[in-house]
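Reckoned from all heavy atoms, side chains included, excluding hydrogens, waters and symmetry mates. Just so we're clear, the structure is a prediction, and the values are computed from it rather than from any experiment. In what follows, chains carry the letters A, B, and so on, assigned in the order in which the sequence lines appear, proteins first and then strands, with residues in each chain numbered from 1.
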There are 2 protein chains.
Amino acid sequence: MDNHRKQLYEARAKIIKAMAHPTRLWIIDELYYGEKCVCEFVDRIDADFSTISKHLLVLKNAGIVDFEKKGKQVYYRLKVPCILQFMGCVEAVIKSESKTIQKKI
Amino acid sequence: MDNHRKQLYEARAKIIKAMAHPTRLWIIDELYYGEKCVCEFVDRIDADFSTISKHLLVLKNAGIVDFEKKGKQVYYRLKVPCILQFMGCVEAVIKSESKTIQKKI
DNA sequence: ATCTTATTTGGCTATTATACCAAATAACAA
DNA sequence: TTGTTATTTGGTATAATAGCCAAATAAGAT
């Protein structure tokens, strides 16, 4: 594999890795309905403020979300909403898997 | 978040995590063109046999690929090819990111 | 049966990710 | 200024991942 292709896959993996966590997938889903401040996430889920803040940083560093400061609060929003379209295929994998398990039983 | 939603995001994260590695993304790309045996991957990339084998196991456990033994060789194939469609959006994130960096410079 | 080739498995180490706590910062309010 | 709220940052313990080597297994060839 040449260097160009290597870099391509590394760049893609970085973004996909940023999505590869249940809490972050939930955050992405929530952001579909519009921007939200950090405290709104903390309210809705049983997690530490710092934990949510760090998850948001991971998404920010991957270029998936963006934020804006409004007074004391920081509002995050989806930068590239097509991210959500992928979930259809992920669900297809889950369904296909549950079929395979059925067959085995 | 209720337990059902928690499990949903965990199941999704498991699949996405399985994709979140440059070598595995490359494998997925290669499999688009049809099934391949382990040795074909080893030939094409500078990596150990056991490393590739373990990457394939990760994809198998996530339900993304499937395999079939043919004589001495094991052939892997994509089980749910829609996985590839996602890359379009991943590329959109990369492009959006490079634009943001341009603005900063 | 022995040899060879293809692949998986186990073990080890180095690196990275996660979650929680405490402390730091930032903005507004009193 | 001091206090309060929202958020980030740093530290640290723990768990997960990656890659390499050696050994184990499996199938076909001699």
Side-chain angles (χ1 to χ4, degrees), chain A residues 1 5-7 9-28 30-31 34-77, chain B residues 1 6-7 9-28 30-31 34-77 79:
Chain A
M1 188 155 44
R5 254 166 83 89
K6 209 175 155 186
Q7 286 187 322
Y9 288 116
E10 273 163 13
R12 288 180 179 179
K14 189 191 151 198
I15 292 158
I16 295 173
K17 200 183 277 186
M19 299 178 66
H21 189 286
T23 305
R24 294 196 292 266
L25 288 176
W26 170 73
I27 288 172
I28 289 169
E30 290 290 312
L31 288 178
E35 59 175 24
K36 280 199 171 53
C37 70
V38 188
C39 58
E40 285 179 277
F41 292 116
V42 175
D43 284 351
R44 277 181 179 75
I45 205 178
D46 184 30
D48 205 81
F49 231 114
S50 67
T51 303
I52 294 293
S53 180
K54 277 175 188 173
H55 280 309
L56 286 163
L57 181 67
V58 171
L59 293 171
K60 174 70 180 57
N61 285 339
I64 295 171
V65 304
D66 216 349
F67 65 81
E68 194 185 338
K69 250 186 145 159
K70 296 186 182 176
K72 271 186 291 186
Q73 281 142 320
V74 181
Y75 282 83
Y76 282 82
R77 59 171 156 262
Chain B
M1 187 153 46
K6 209 176 156 187
Q7 286 186 323
Y9 288 115
E10 273 163 13
R12 287 180 180 180
K14 189 192 152 197
I15 293 160
I16 294 172
K17 198 183 279 184
M19 299 177 67
H21 189 284
T23 305
R24 294 197 292 266
L25 288 175
W26 170 73
I27 288 173
I28 289 169
E30 290 290 313
L31 288 179
E35 57 175 26
K36 279 200 170 54
C37 69
V38 186
C39 58
E40 285 179 277
F41 292 115
V42 175
D43 284 352
R44 277 181 179 75
I45 205 178
D46 185 30
D48 203 80
F49 231 113
S50 67
T51 303
I52 295 292
S53 181
K54 278 175 188 172
H55 280 309
L56 286 164
L57 181 66
V58 171
L59 293 170
K60 175 68 180 59
N61 285 339
I64 294 170
V65 304
D66 216 349
F67 66 80
E68 194 184 338
K69 251 188 143 155
K70 295 186 183 176
K72 272 187 291 187
Q73 281 141 320
V74 180
Y75 281 83
Y76 282 81
R77 59 172 154 259
K79 211 173 158 189

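Regarding K54(A), its NZ atom lies at a distance of 11 Å from the P atom of dC20(C), rounded to whole Å. In this structure, CZ of F41(B) is placed 14 Å from C1' of dA6(C), rounded to the nearest angstrom. In this structure, N61(A) places its CG atom 11 Å from P of dA17(C), rounding to the nearest Å. Rounded to whole angstrom, the span from the NZ atom of K60(A) across to the C1' atom of dT9(D) amounts to 16 Å. Protein atom CD of E68(A) is 18 Å distant from nucleotide atom P of dA26(C), rounded to whole Å. The separation between E35(B) atom CD and dA6(C) atom C1' is 16 Å, rounded to whole Å. Nucleotide dA6(C) holds its P atom 15 Å from the OH atom of Y76(B), rounded to whole Å. Rounded to whole Å, atom P of dT17(D) lies 21 Å from atom NZ of K14(A).
Of the candidate nucleotides dT7(D), dC21(D), dA26(C), dA26(C) has the atom nearest to the side chain of K69(A). Nearest nucleotide to the T51(B) side chain, out of dG19(D), dT9(D), dT9(C): dG19(D). When distances are taken from the side chain of S50(B) to each of dG10(C), dC21(C), dT7(D), the shortest belongs to dG10(C).
Looking at which nucleotide of DNA chain C each of A47(A) and F67(B) is closest to, the 5′-most match is held by F67(B). When each of S53(B) and K17(B) is assigned the nucleotide of DNA chain C with its nearest heavy atom, S53(B) is the one assigned upstream, toward the 5' end.
Between the side chain of K72(A) and the base of dG3(D), no donor-acceptor pair of N or O atoms lies under 3.5 Å.
Using cut-offs of 30° and 60° for the angle between ring planes, the H55(B) and H21(B) rings count as tilted.
For the pair H21(A) and dA19(C), the criterion of a side-chain N or O lying under 4.0 Å from OP1 or OP2 is met. Contact annotation: H55(B) side-chain N/O to dT17(D) OP1/OP2 distance is not under 4.0 Å.
A side-chain contact (heavy atoms from CB on, under 4.5 Å) with Y75(A) holds for exactly one of K70(A), K69(A), K36(A); it is K70(A).
Here C37(A) contributes atom SG and D43(A) contributes atom CG; the two are 8.0 Å apart, rounded to the nearest 0.5 Å. With rounding to the nearest 0.5 Å, the separation of CE in M19(A) from CD1 in I15(B) is 12.0 Å. One distance of note links CZ of F41(B) with CG of L31(B); it measures 4.0 Å at 0.5 Å rounding.
With K79(B) contributing its side chain and K60(B) its backbone, the two residues share no donor-acceptor pair below 3.5 Å. In terms of modelled atom types and a separation under 3.5 Å, the side chain of R24(B) and the main chain of L59(B) share no donor-acceptor contact.
The terminal axes of the helix from dA1(C)-dT30(D) to dA30(C)-dT1(D), fitted over 5 pairs per end, subtend an angle of 10° to the nearest 10°.
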